[in-house]
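Below is one structure; the comments refer to it alone.
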Amino acid sequence: MAAGDGDVKLGTLGSGSESSSDGSSESPGGAGAAAEGGGWAAAALALLTGGGEMLLNVALVALVLLGAYRLWVRWGRRGLGAGAGAGEESPAASLPRMKKRDFSLEQLRQYDGSRTPRILLAVNGKVFDVTKGSKFYGPAGPYGIFAGRDASRGLATFCLDKDALKDEYDDLSDLNAVQMESVREWEMQFKEKYDYVGRLLKPGEEPSEYTDEEDTKDHNKQD
């Protein structure tokens, strides 16, 4: 390193009078002192430059880590909905597509993966067929608590226990604006990955009648 070479030369000049190749001599009080002063200045400059590069490297590493954390937060959340259905194959996944229809809470609960291979859940009033994600939403899956239920509250509050489930229709009216926005984001994630099969009916609401044409058109949109 340049600073190291300068230190060696300064040490030699400082030890006394040295003869050069042409027979002349240098003394510590003459050119040697100037060389010593220049060497220390070079060493100080190198130290400052190296420190600046170190600070720059630390700042760059911090930015990279911050970006990685943000991606983890963003895609980690999506893993529950968007990523969960990608790439899993099971016997249940070979079931034919379900014809479009609406569901009451009682009807929805029949599709919890234990009474029938098909698994449904509701998000923000929409019912999705998550059968192809049975590894996650089946009875033994990490999110099996949502199978056959309205998962809206649990997804909005990041709660995976029975406190997030209600036996009666949940209008979500007590959720704040941030939580409702989260519910809508989850709805979009499920709609991108799973089949939308109908609405979750409010108490007393009559189901819609879907024609084969409407059903085919809706499925084709998701393909």
Side-chain angles (χ1 to χ4, degrees), residues 75-175 179 182-210 212 214-216 218-219 221-223:
W75 295 108
R77 287 183 62 202
R78 292 188 175 189
L80 180 60
E88 306 103 46
E89 290 295 336
S90 68
S94 63
L95 290 173
R97 275 182 165 171
M98 191 174 199
K99 285 187 174 293
K100 200 171 180 184
R101 52 165 290 194
D102 296 336
F103 299 83
S104 66
L105 279 175
E106 291 73 20
Q107 291 170 334
L108 181 64
R109 287 173 191 160
Q110 298 174 14
Y111 296 92
D112 61 0
S114 60
R115 312 176 205 188
T116 172
R118 197 179 297 276
I119 304 171
L120 306 181
L121 62 78
V123 180
N124 200 26
K126 310 293 191 304
V127 178
F128 298 94
D129 185 346
V130 297
T131 306
K132 66 180 181 180
S134 58
K135 179 179 178 181
F136 294 87
Y137 300 102
Y143 313 120
I145 192 172
F146 294 145
R149 305 298 294 260
D150 182 0
S152 304
R153 182 173 295 274
L155 294 173
T157 59
F158 298 98
C159 181
L160 296 177
D161 57 41
K162 292 184 178 180
D163 291 339
L165 303 175
K166 290 189 175 183
D167 292 330
E168 66 277 5
Y169 183 84
D170 189 358
D171 62 8
L172 308 176
S173 58
D174 60 322
L175 296 184
Q179 291 170 333
S182 181
V183 171
R184 286 187 285 268
E185 288 179 3
W186 280 115
E187 177 191 341
M188 295 305 298
Q189 293 297 327
F190 276 90
K191 202 165 188 177
E192 288 176 5
K193 280 295 178 182
Y194 298 107
D195 287 341
Y196 164 64
V197 295
R199 297 179 301 123
L200 180 63
L201 297 172
K202 299 176 182 179
E205 186 177 12
E206 293 295 325
S208 302
E209 293 186 7
Y210 299 97
D212 290 340
E214 288 175 321
D215 186 56
T216 302
D218 183 73
H219 284 315
K221 282 182 179 180
Q222 296 185 51
D223 293 336

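Just the heavy atoms: all of them, side chains too, but no hydrogens, waters or symmetry mates, feed the values below.
- Closest approach of Arg199 and Tyr196 over heavy atoms only: CG-OH, 3.5 Å.
- What you find for Pro117 and Leu95 is that their closest heavy atoms are CB-CD1, 3.9 Å.
- Met98 is listed as a side-chain neighbour of Leu120, based on a closest heavy-atom distance under 4.5 Å.
- Pairing each heavy atom of Ala164 with each of Cys159, the nearest pair is CB-O, 3.7 Å.
- Between the CZ atom of Arg153 and the NZ atom of Lys166 there is a distance of 4.0 Å, given to the nearest 0.5 Å.
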- Step by step, work out the side chain to side chain contact (heavy atoms under 4.5 Å, CB included) result for Tyr111 and Thr131. CA-CA 9 Å; Tyr111 296 92; Thr131 306; over 6 Å; no
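- Minimum heavy-atom separation, Ser114 to Pro139: N-CG, 4.2 Å.
- Annotation: the span from Asp195 atom CG to Lys132 atom NZ amounts to 6.5 Å, rounded to 0.5 Å.
- More than 12 heavy atoms of other shown residues, nucleotides or ligands fall within 6.0 angstrom of atom CD in Glu168.
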- Task: Under the salt bridge (Lys or Arg N to Asp or Glu O under 4.0 Å) rule, what do Arg109 and Asp150 come out as? Steps first, then yes or no, please.
- Result: CA-CA 9 Å; Arg109 287 173 191 160; Asp150 182 0; over 6 Å; no
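- Using a 4.5 Å heavy-atom cutoff, the side chains of Gln110 and Thr116 are not in contact.
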- Message: Would Val183 and Leu155 count as a side chain to side chain contact (heavy atoms under 4.5 Å, CB included) here? Give the steps.
- Response: CA-CA 7 Å; Val183 171; Leu155 294 173; 5.8 Å; no
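- The minimum heavy-atom distance between Val197 and Phe103, with the atom names listed, is CG2-CE1, 3.8 Å.
- Proximity of Tyr137 to Phe128: side-chain heavy atoms (C-beta onward) are nowhere separated by under 4.5 Å.
- To the nearest 0.5 Å, atoms CE (Met188) and CG (Asn124) are separated by 11.0 Å.
- With rounding to the nearest 0.5 Å, the separation of OG1 in Thr157 from CG in Leu172 is 10.0 Å.
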- Tell me, with the steps shown, if Asp170 and Arg149 meet side chain to side chain contact (heavy atoms under 4.5 Å, CB included). CA-CA 11 Å; Asp170 189 358; Arg149 305 298 294 260; over 6 Å; no
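- Taken to the nearest 0.5 Å, the CG atom of Asp112 stands 12.0 Å off from the CD1 atom of Ile145.
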- Would Phe190 and Val130 count as a side chain to side chain contact (heavy atoms under 4.5 Å, CB included) if you check the C-alpha gap in whole Å, the side-chain angles of each, and the deciding distance to 0.1 Å? CA-CA 9 Å; Phe190 276 90; Val130 297; 4.0 Å; yes
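- Residues Tyr169 and Leu201 have side chains not in contact (no heavy-atom distance under 4.5 Å, counting atoms from C-beta outward).
- Separation of atoms CG (Asp102) and CG (Leu108) is listed at 11.5 Å; rounding is to 0.5 Å.
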